[in-house]
Amino acid sequence: MLRRNITTFARRYITTGKNTDTFYRAQINIRDIINRPNEYKTSIERRQLPQELIEDVDFIIKNREIQFEMSRKVNDFKHQRNELAEMLKSKTAPNPQECKDKLKEIKNDLKPLEHSVKELEELIYTKAENLPNLIDETVPTDPFKEDIVQFINCASAEDALNQLPPTETYDHKTIGENFNIFNFSTASRISGSSWYYLVGDGALLEQALVQYGLSKARKYGYKMIAPPSIVKSEVVHACGFKPNDQNNEKQVYELEGEGKSLTGTAEIPLGAYHSSTVFEAGTDFPKKYAGVSRSYRAEAGASGKDTKGLYRVHEFTKVELFHFTTPENAAEELEQIKDLQVEIISELGLKAKLLNMPTSDLGSPAMKKYDTEAWMPGRGNWGELTSCSNCGDYQSRRLGIKYHRQNEEKLGHVHTLNGTCMAVPRVIVALVEQNYNPETNEISIPEVLRPYMDGKDKIIPN
């Protein structure tokens with residue numbers, strides 16, 4: 001695969017504003033917004049986003065032509081200025097003083113008009129950049145209700161509850177502390193709430209899940225990457241992650257005065273891996289990567305939910321999957337990521353369900369998203385284990401990732417997809433709560449993990 005720097009092509013496509021230290025200005029498709037305003041408005045409405053965004057679509061449509069008309073006036077003024085200047089220079093002006101007066105008048109009119117054009121152009125761009133992606137037609141119509149695609153290792157939700165009724169007997173925190181594989185009290189004293197130590201077989205279980213997840217990813221053609229856990233904050237923004245969520249709760253840990261942030265998922269550095277790149281014609285897509293890293297979430301426990309145990313924590317190990325691909329193949333590759341996630345959960349023996357998520361649960365970059373949720377009897381609820389999303393060209397337009405279309409001169413933006421391979425703490429929650437035997441006081445280890453657990457088939461108190 002050949003690559004060339006994006007520098008020369010990017011300068012041709014930037015229309016407004018300044019570039020950042022890392023990227024050229026995001027190449028937002030404003031023409032598409034103008035051509036399909038109702039689809040963008042529907043996306044905003046179905047995502048339950050603020051009404052102001054719909055008003056922004058109307059603003060863009062109304063003012064884009066005004067911007068063009070003002071730009072035409074700027075060009076007319078410049079043309080007149082050049083003609084008059086040339087006449088004065090060549091001494092062909094019939095009335096030199098009249099020419100000079102006209103030049104002065106043009107100068108006085110041109111400068112504020114250019115400033116107004118720039119201001120309006122910037123405002124249109126900013127409003128367009130803030131719009132969410134469009135929505136895949138297969139996303140559920142009810143904005144708050146997901147579609148159950150299938151159950152994994154159980155026939156129904158009732159079947160899972162009948163086999164493992166909700167009870168504190170299966171609470172992973174209590175079990176893990178009694179087994180001395182989790183230590184929350186010391187972590188709380190050292191780091192604060194929502195932090196933890198994994199000890200002994202708990203720490204070994206984390207590494208077993210990572211190695212198992214990576215082995216599955218390699219089997220399906222993913223190249224392994226160990227990405228950085230700190231990136232420039234503009235990279236976080238380009239991938240569609242906001243410092244605060246819709247409830248204004250802090251999501252991202254930012255390093256004060258550094259212009260950098262801790263990554264909440266390896267999706268961010270993986271997405272930026274090919275930033276500012278043009279893939280040459282004939283490139284073999286998809287480019288598939290599996291990245292293992294520590295992940296950091298500032299909002300853990302902020303809403304008052306799941307503040308105990310491993311389900312919602314500030315730092316955790318995660319194996320992430322990421323695709324760079326072409327528009328025509330993206331939808332099918334989302335299905336492939338989803339199928340791999342189902343296969344992993346199935347092999348781990350976890351009772352779970354696969355969900356096609358509603359629009360209110362889609363982040364701005366996502367056109368469609370699948371989640372899997374495992375039954376967690378100690379929590380008395382289902383809990384998310386994996387997620388996978390098709391982000392279309394939302395991220396690539398902001399990260400500057402293009403490719404040469406076959407037999408076409410025009411460059412296209414690649415499409416990106418991401419998915420969880422292994423979010424370790426939550427899988428541990430599900431494994432402990434589903435595999436704990438209160439009669440023998442043992443936690444059985446799934447067969448696929450035993451080679452990575454020194455051949456052990458169970459965890460016992462120590």
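FYI, side chains are in, hydrogens and waters are out, and symmetry mates aren't considered; it's all heavy atoms of this structure. These figures come from a predicted structure and were not determined experimentally.
- Side chains of Thr372 and Gln341: a donor-acceptor N/O pair is absent below 3.5 angstrom, by distance only.
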Report the C-alpha separation of Leu431 and Leu209 in whole Å, then their side-chain angles, then the decisive distance to 0.1 Å, and conclude whether the side chain to side chain contact (heavy atoms under 4.5 Å, CB included) test is met.
CA-CA 11 Å; Leu431 285 173; Leu209 288 168; 4.0 Å; yes
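- By the 4.5 Å heavy-atom criterion applied to side chains, Leu321 and Cys388 are not counted as neighbours.
- In this structure, Glu137 places its CD atom where only 12 or fewer heavy-atom neighbours from other residues, nucleotides or ligands lie under 6.0 Å away.
- With contacts defined as side-chain heavy-atom distances shorter than 4.5 Å, the pair Val313/Glu315 does not qualify.
- Atom CG of Leu362 and atom OG1 of Thr359 lie 6.0 Å apart (nearest 0.5 Å).
- Without hydrogens or angle criteria, Glu206 side chain to Val424 main chain gives no donor-acceptor distance under 3.5 Å.
- Within the 4.5 Å cutoff, no side-chain heavy atoms of Met357 are placed close to those of Glu384.
- In this structure, Ala330 and Leu417 approach most closely via the heavy-atom pair O-CD2, 3.2 Å.
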Run the side chain to side chain donor-acceptor pair (under 3.5 Å) check on Gln80 and Asp76 step by step: do they pass?
CA-CA 6 Å; Gln80 292 178 47; Asp76 287 343; 5.9 Å; no
Just do the salt bridge (Lys or Arg N to Asp or Glu O under 4.0 Å) check on Lys102 and Glu105 with the steps written out, would you?
CA-CA 5 Å; Lys102 185 64 177 176; Glu105 181 183 331; 3.8 Å; yes
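- By the 6.0 Å and 45° rule, Arg294 does not stack over the aromatic ring of Phe316.
- Under the 4.5 Å side-chain criterion, counting only non-hydrogen atoms from C-beta, Lys145 is not in contact with Pro140.
- Without hydrogens or angle criteria, Tyr40 side chain to Ile34 main chain gives no donor-acceptor distance under 3.5 Å.
- Summarising the geometry, atom CD1 belonging to Ile54 is positioned 10.5 Å from atom CG belonging to Leu131; distances are rounded to the nearest 0.5 Å.
- Summarising the geometry, atom CZ belonging to Arg297 is positioned 9.0 Å from atom OG1 belonging to Thr263; distances are rounded to the nearest 0.5 Å.
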What verdict does the side chain to side chain contact (heavy atoms under 4.5 Å, CB included) test give for Leu198 and Ile428, after you've listed the backbone C-alpha separation in whole Å, the side-chain angles of each residue and the deciding distance to 0.1 Å?
CA-CA 11 Å; Leu198 297 178; Ile428 290 178; 4.3 Å; yes
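- Judged purely by distance below 3.5 Å, without hydrogens or angles, the side chains of Asn329 and Thr326 pair a donor atom with an acceptor atom.
- Closest of all the heavy-atom pairs between Leu53 and Leu49 is CD1-CB, 3.8 Å.
- With Lys338 as reference, Leu354 is the one residue of Asn356, Leu354, Thr386 to meet the side chain to side chain contact (heavy atoms under 4.5 Å, CB included) rule.
- Under the 30°/60° scheme for interplanar angles, the aromatic rings of Tyr273 and Tyr289 are found to stand perpendicular.
- The heavy-atom pair separating Ser156 from Phe151 by the smallest distance is C-CE2, 3.6 Å.
- Going from atom CD of Glu55 over to atom CD1 of Ile60 covers 12.0 Å, rounded to the nearest 0.5 Å.
- Between the Ser396 side chain and the Val414 main chain, a donor and an acceptor come within less than 3.5 Å of each other.
- Between Val149 and Val342, the closest side-chain pair of non-hydrogen atoms is not below 4.5 Å.
- Relative orientation of the Phe184 and Tyr196 rings is tilted, given thresholds of 30° and 60° on the angle between their planes.
- Ring orientation note: the planes of Phe324 and His274 are nearly perpendicular, at an angle over 60° on the 30°/60° scale.
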Do Lys78 and Glu114 pass the salt bridge (Lys or Arg N to Asp or Glu O under 4.0 Å) test, and can you show the C-alpha distance, the side-chain angles, and the key distance before you say yes or no?
CA-CA 11 Å; Lys78 289 181 177 179; Glu114 285 181 314; 3.2 Å; yes
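- Once rounded to the nearest 0.5 Å, the distance linking CG of Leu110 with CZ of Arg81 reads 5.5 Å.
- Between Tyr222 and His323, the angle of the ring planes lies from 30° to 60°, which puts this pair in the tilted group.
- Asp56 pairs with exactly one of Lys62, Lys127, Lys41 by the salt bridge (charged side-chain N to carboxylate O under 4.0 Å, His left out) rule, that one being Lys127.
- When all heavy atoms of Val139 and Met367 are compared, the closest pair comes out as CG2-O, 3.3 Å.
- Side-chain contact between Glu69 and Lys73: present, with at least one pair of heavy atoms (C-beta onward) separated by less than 4.5 Å.
- Just one of Lys287, Gln395, Glu267 meets the side chain to side chain donor-acceptor pair (under 3.5 Å) condition when paired with Thr416; it is Gln395.
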Audit row: His237, Glu129, side chain to side chain contact (heavy atoms under 4.5 Å, CB included) steps and yes/no
CA-CA 11 Å; His237 178 77; Glu129 201 271 339; 3.4 Å; yes
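- Put simply, the side chain of Trp375 reaches to within 4.5 Å of the side chain of Pro166, judged on heavy atoms.
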Checking salt bridge (Lys or Arg N to Asp or Glu O under 4.0 Å) for the pair Arg379/Glu373: CA distance, chi angles, key distance, verdict?
CA-CA 13 Å; Arg379 291 179 65 244; Glu373 294 183 354; over 6 Å; no
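- Asn82 and Glu86 form no side-chain donor-acceptor contact under 3.5 Å, judged by distance and modelled atom types alone.
- To the nearest 0.5 angstrom, Arg64 atom CZ is 9.0 Å from Leu120 atom CG.
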Could you go through Phe77 and Asp109, starting from their C-alpha distance and side-chain angles, then the distance that decides it, and tell me whether this counts as side chain to side chain contact (heavy atoms under 4.5 Å, CB included)?
CA-CA 8 Å; Phe77 276 138; Asp109 290 340; 4.0 Å; yes
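- Under a 3.5 Å cut-off, the side chain of Arg47 and the backbone N or O of Ser360 do not form any donor-acceptor pair.
- Smallest separation of non-hydrogen atoms from Ala93 and Leu88: CB-CD2, 4.3 Å.
- Using a 4.0 Å cut-off between a side-chain N of Lys or Arg and a carboxylate O of Asp or Glu, Glu320 and Lys318 qualify as a salt bridge.
- Panel note: side chain Ser116, backbone Pro112; a donor-acceptor pair is recorded below 3.5 Å.
- Between Thr265 and Thr420, every side-chain heavy-atom pair lies at or beyond the 4.5 Å cut-off.
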Could you go through Glu234 and Arg398, starting from their C-alpha distance and side-chain angles, then the distance that decides it, and tell me whether this counts as salt bridge (Lys or Arg N to Asp or Glu O under 4.0 Å)?
CA-CA 10 Å; Glu234 62 201 80; Arg398 289 157 175 79; over 6 Å; no
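- If you check the side chains of Tyr212 and Glu347, you find a donor sitting under 3.5 Å from an acceptor.
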List the steps and the verdict of side chain to side chain donor-acceptor pair (under 3.5 Å) for His314 and Tyr253.
CA-CA 10 Å; His314 288 301; Tyr253 281 116; 3.1 Å; yes
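- Annotation for Ala128 and Ile33: closest pair CB-CD1, 3.6 Å, computed over non-hydrogen atoms.
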